Amino acid sequence: MSETKEEKLVDEKPHEEFSRPARLCIFIIFIALSIVMSGDNGVLSSSKKQVRRDLQLDEKGYGFFGSFASAGRMFGSCIFMGLLQTDRRKLLTCVCIFINGSAFFAYYLTFNKWILYCVRFLIGSVRIYPHIYIPVWVDQFGIKKLKTMMMTVINITSPLGQTVGYVLGTINEPDKWYLNYMIVGGLILGFGSLLLLFPPKFFSAKYNFLGYQEEGSDGFSKEPKDWKQVTFFENGEMKVKKKEQGSMLEIVKNPVYCFSAFVKANCLFCFQVIHLNITSYVMDDLKMPEEEKTTKFLPLYGSASVFGPFTGGMFGGLCVSFVGGYEKKKSAFFLAGFALVTLFSSFVVIYSNSAVFMCIGLFLFFFFASALLPIIGGYVVSSVPKAHKGAGSSLNLLITNLLGNLPGPILYGFLKDKFKDTNPRLPWKIIIHMFILGFFASLGSAFFRYKQLAKVEEEEEKAKQEGQELKAVE
C-alpha cells in the first residue's frame, strides 16, 4: 500500500527537533533499561544458596523475597495508572529510574532481610512506570515502518533481562552476589542519565507520529480522540466515519484482552519460577554432579535462556508481519500453533533427567513461549480504545504481576517445603504443568480474535459488494 503525502511528511521529514535518529536513540536506551531493570531476578536465581544463607531464608521465605518486587509492581500499577496522560512523562520516568537504580546499592549496605524486603517492594513500585510507559511511547513516537518489530523487541526484554542477570551472576563470584546488584544499579543509573539529553517534547502526550492525522506546522499533530472506523455508503461511494468509542469497561468485557493478558501472565509465571529455581533444581533434585553442572548445564542453559527468548520473540514478530500483522485472521493460527509446541516442550522440561535434554526442552519452551508474546501483545494493544491506552497497559501489567510474577515463586516455595522429603521433584512438575492453563487461554484468545476479524472482513466485503452494485445500477 502506497503511503500518502501526509504519512511521508510525518514519518520521513519531521521537524528537526523530532528527527528519526533521535527517536531511535531513545528507543535503544529504553531497550537497555528494560533489559537491565529486569535482571535482578536473574541475579537472585544464580546465587540462590548464598542469598538464603546470608539472609537466613527457607524456601518459602526465598519465594516471598523473590515475589516482593512483583507485589511492588502491582502497587505501582494502581498508583501510576492515571499518570500517563500528564505532560510530565520525562520527569516521572527519570525519577523512577534513578530511584530504582539507587535502591540496588542497599544490597551492599545491609543483610537485614526486612529492610531488603522493603527495598525489593520499592524497586518493583518505581520500576512499573517505565514498564508501562515504554510500550505507550513506542506506539506514540515509534518509527511507522518499524513499529511492529519495535513492539516485538519490547515484549521480549523482560525474559531476556532475567537471563542477562542470571549470566551476570554465574560469571561473577556467587558469594559476592550483592556486587552484581551494584552493577545492575549502576547500569540503570547510567542509561537513565542518557534520557536527560533529550528535550521533554520527545515524551509529551500532546504529540505523536500518526499517519492518518492531518500534520501540524512541525510535522506533528495533537493526540486524537478515541475513535473506531465505521464503513458506510453515501451516493454510491464507500466512506469511512470516525466514531468515538466507549468507556474502559469495554476493555474487561473483551474476551480477547482477558485471554491474552492471562496468557502473558502464565508465560511469565513459568519463566519466573524457572529463572529463580533452575540451579537448585538441577543440583538438589536431579542430583547433577558439580562437574556436569559446570561443564554442560550452565553453558547450555545460558545459551538456551539468552537465545531462546530473543530469537523466539523475533521469529514470532516476523511471522505476524508476514501475514500482515495481528489485525489479520492468520495470526490466530500462529498463536494456536506456538502454544501447542510450547506445551509439548514443557513436558520435555518436566521429565528430562539429563542436562542436554533439559536444555533442549528449555530452549524450545523459551523460544515458542516468547514467540507468543508479540501476537499476545498486539491483541492486548488492539483491544484497548486509544483514549485508554495507558490504563489498558497498566491493567495488563497488574494482571501479569497478580497472576504471573507474584504467585509463581511463592507457590513453588510452599510446595518445595511441603514435598522436599517425600517427592522433591513434584513442585517443579506442578509449576511447569501450569502452562496447560496458558495453552487453553491461547486457544480462547485465538478463537475469539479470529471471530472478530472474520466479522470485520465480512462486513467490509459486504459493503464493497453493495458499493459495486450501486455503481452498476448507475
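All of these numbers come straight from a predicted model, not from anything done at the bench.
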S.K.: What residues, two or more places apart in sequence or in another chain, satisfy ring pair (Phe, Tyr, Trp, His ring centres under 6.0 Å) together with Y412?
M.R.: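 Not a single residue meets the ring pair (Phe, Tyr, Trp, His ring centres under 6.0 Å) criterion with Y412.
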S.K.: Strictly distance-based, threshold 3.5 Å: is any side-chain N or O of S102 a donor or acceptor partner for the main-chain N or O of I99?
M.R.: no
S.K.: With rounding to the nearest 0.5 angstrom, report the CG to CH2 distance, L415 to W428.
M.R.: 13.0 Å
S.K.: For F98, is the CZ atom crowded, meaning more than 12 foreign heavy atoms sit under 6.0 Å from it?
M.R.: yes
S.K.: Only one of I376, L372, L373 forms a side chain to side chain contact (heavy atoms under 4.5 Å, CB included) with F338, so which one is it?
M.R.: L372
S.K.: Going by the rule ring pair (Phe, Tyr, Trp, His ring centres under 6.0 Å), which residues pair with F68 if we only count those two or more places apart in sequence or in a different chain?
M.R.: Y117
S.K.: Compare every heavy atom of I278 with every heavy atom of L362, then report the nearest pair and how far apart it is.
M.R.: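 Taking L362 first and I278 second, the nearest heavy atoms are CD1-CD1, 4.2 Å.
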S.K.: OG/S345 to CD1/I432 distance, rounded to the nearest 0.5 angstrom?
M.R.: 10.0 Å
S.K.: Do I128 and M74 come close enough that some side-chain heavy atom pair is under 4.5 Å?
M.R.: no
S.K.: Count the heavy atoms of every other residue, nucleotide or ligand shown that sit under 6.0 Å from CZ of F414, and state whether that count exceeds 12.
M.R.: no
S.K.: Which of parallel (below 30°), tilted (30 to 60°) and perpendicular (above 60°) describes F121 and F75?
M.R.: tilted
S.K.: CG of L24 to CE of M150: how many Å apart, nearest 0.5 Å?
M.R.: 6.0 Å
S.K.: Check each of L189, L92, L195 against I97 using the side chain to side chain contact (heavy atoms under 4.5 Å, CB included) test, and report the only one that passes.
M.R.: L195
S.K.: Would you indicate whether the side-chain heavy atoms of P407 and F269 approach each other to under 4.5 Å?
M.R.: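 A side-chain contact under 4.5 Å exists here.
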S.K.: Hey, are the side chains of I360 and V348 touching, using non-hydrogen atoms and a 4.5 Å cut-off?
M.R.: no
S.K.: Counting only pairs under 3.5 Å, give me each side-chain donor-acceptor contact of residues 25-40, with atom names and distances, residues two or more places apart or in other chains.
M.R.:
from: S34; atom 1: OG; to: F30; atom 2: O; distance (Å): 2.9
from: S38; atom 1: OG; to: S34; atom 2: O; distance (Å): 2.9
from: D40; atom 1: OD1; to: R127; atom 2: NH2; distance (Å): 3.3
from: D40; atom 1: OD2; to: R127; atom 2: NH2; distance (Å): 3.0

S.K.: Under 6.0 Å from the NZ atom of K429, do we count more than 12 heavy atoms belonging to anything else shown?
M.R.: yes
S.K.: Could you work out, with side chain to side chain contact (heavy atoms under 4.5 Å, CB included) as the rule, every residue matching L453, not counting sequence neighbours?
M.R.: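 L453 satisfies side chain to side chain contact (heavy atoms under 4.5 Å, CB included) with E327, K329, R449 only.
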S.K.: As a quick check of understanding, evaluate ring pair (Phe, Tyr, Trp, His ring centres under 6.0 Å) for Y450 and F333, giving each step before the final call.
M.R.: CA-CA 9 Å; Y450 184 89; F333 293 107; 5.5 Å; yes
S.K.: Could you check whether any side-chain N or O of Y379 sits under 3.5 Å from a backbone N or O of A332, counting only pairs where one atom can act as donor and the other as acceptor?
M.R.: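 Confirmed, Y379 side chain pairs with A332 backbone.
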S.K.: Given side chain to side chain contact (heavy atoms under 4.5 Å, CB included), test V184 with L168 step by step and report yes or no.
M.R.: CA-CA 9 Å; V184 171; L168 175 65; 4.1 Å; yes
S.K.: Quick one, F419 with R425, criterion side chain to side chain contact (heavy atoms under 4.5 Å, CB included). Give me CA distance, side-chain angles, the key distance, then yes/no.
M.R.: CA-CA 8 Å; F419 296 103; R425 294 185 62 177; over 6 Å; no
S.K.: Is there any side chain to side chain donor-acceptor pair (under 3.5 Å) pair reaching into residues 255-270, and which pairs are they, with sequence neighbours excluded?
M.R.: S260-S445
S.K.: More than 12 heavy atoms of other residues, nucleotides or ligands under 6.0 Å from CZ of F198: is that the case?
M.R.: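 Atom CZ in F198 is crowded, with more than 12 foreign heavy atoms closer than 6.0 Å.
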S.K.: Under the side chain to side chain contact (heavy atoms under 4.5 Å, CB included) rule, collect the residues that match up with C96, sequence neighbours excluded.
M.R.: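 Once residues adjacent in sequence are excluded, the partners of C96 under the side chain to side chain contact (heavy atoms under 4.5 Å, CB included) criterion are F80, V126, Y129, P130.
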S.K.: Less than 4.5 Å apart, side chain to side chain, heavy atoms only: is that true for L197 and L194?
M.R.: yes
S.K.: Give, for atom CG of L364 and atom OG1 of T342, the distance between the pair rounded to the nearest 0.5 Å.
M.R.: 9.0 Å
S.K.: Answer whether the closest heavy-atom distance between the side chains of V320 and F334 falls below 4.5 Å.
M.R.: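 Heavy-atom side-chain distance check fails, nothing below 4.5 Å.
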S.K.: For the residue pair C270 and F365, establish whether any side-chain heavy-atom pair is separated by less than 4.5 Å.
M.R.: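 Yes; the side chains approach each other to less than 4.5 Å.
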S.K.: Decide side chain to side chain contact (heavy atoms under 4.5 Å, CB included) for F262 and I399; before the verdict, give the C-alpha distance in whole Å, the side-chain angles of both, and the deciding distance to 0.1 Å.
M.R.: CA-CA 7 Å; F262 180 80; I399 294 172; 5.7 Å; no
S.K.: Does some side-chain heavy atom of F104 sit less than 4.5 Å from a side-chain heavy atom of I123?
M.R.: yes
S.K.: Roughly how far apart are I274 CD1 and Y281 OH, rounded to 0.5 Å?
M.R.: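 One gets 10.5 Å once the value is rounded to the nearest 0.5 Å.
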S.K.: Quick check: are there more than 12 heavy atoms from other residues, nucleotides or ligands sitting under 6.0 Å from CZ of F65?
M.R.: yes
S.K.: For a ring pair (Phe, Tyr, Trp, His ring centres under 6.0 Å) check, start with the C-alpha distance between F271 and F366, then their side-chain angles and the critical distance, and finish with the verdict.
M.R.: CA-CA 8 Å; F271 285 176; F366 288 144; 5.3 Å; yes
S.K.: Taking side chain as C-beta onward, heavy atoms only, is K90 less than 4.5 Å from F202?
M.R.: no
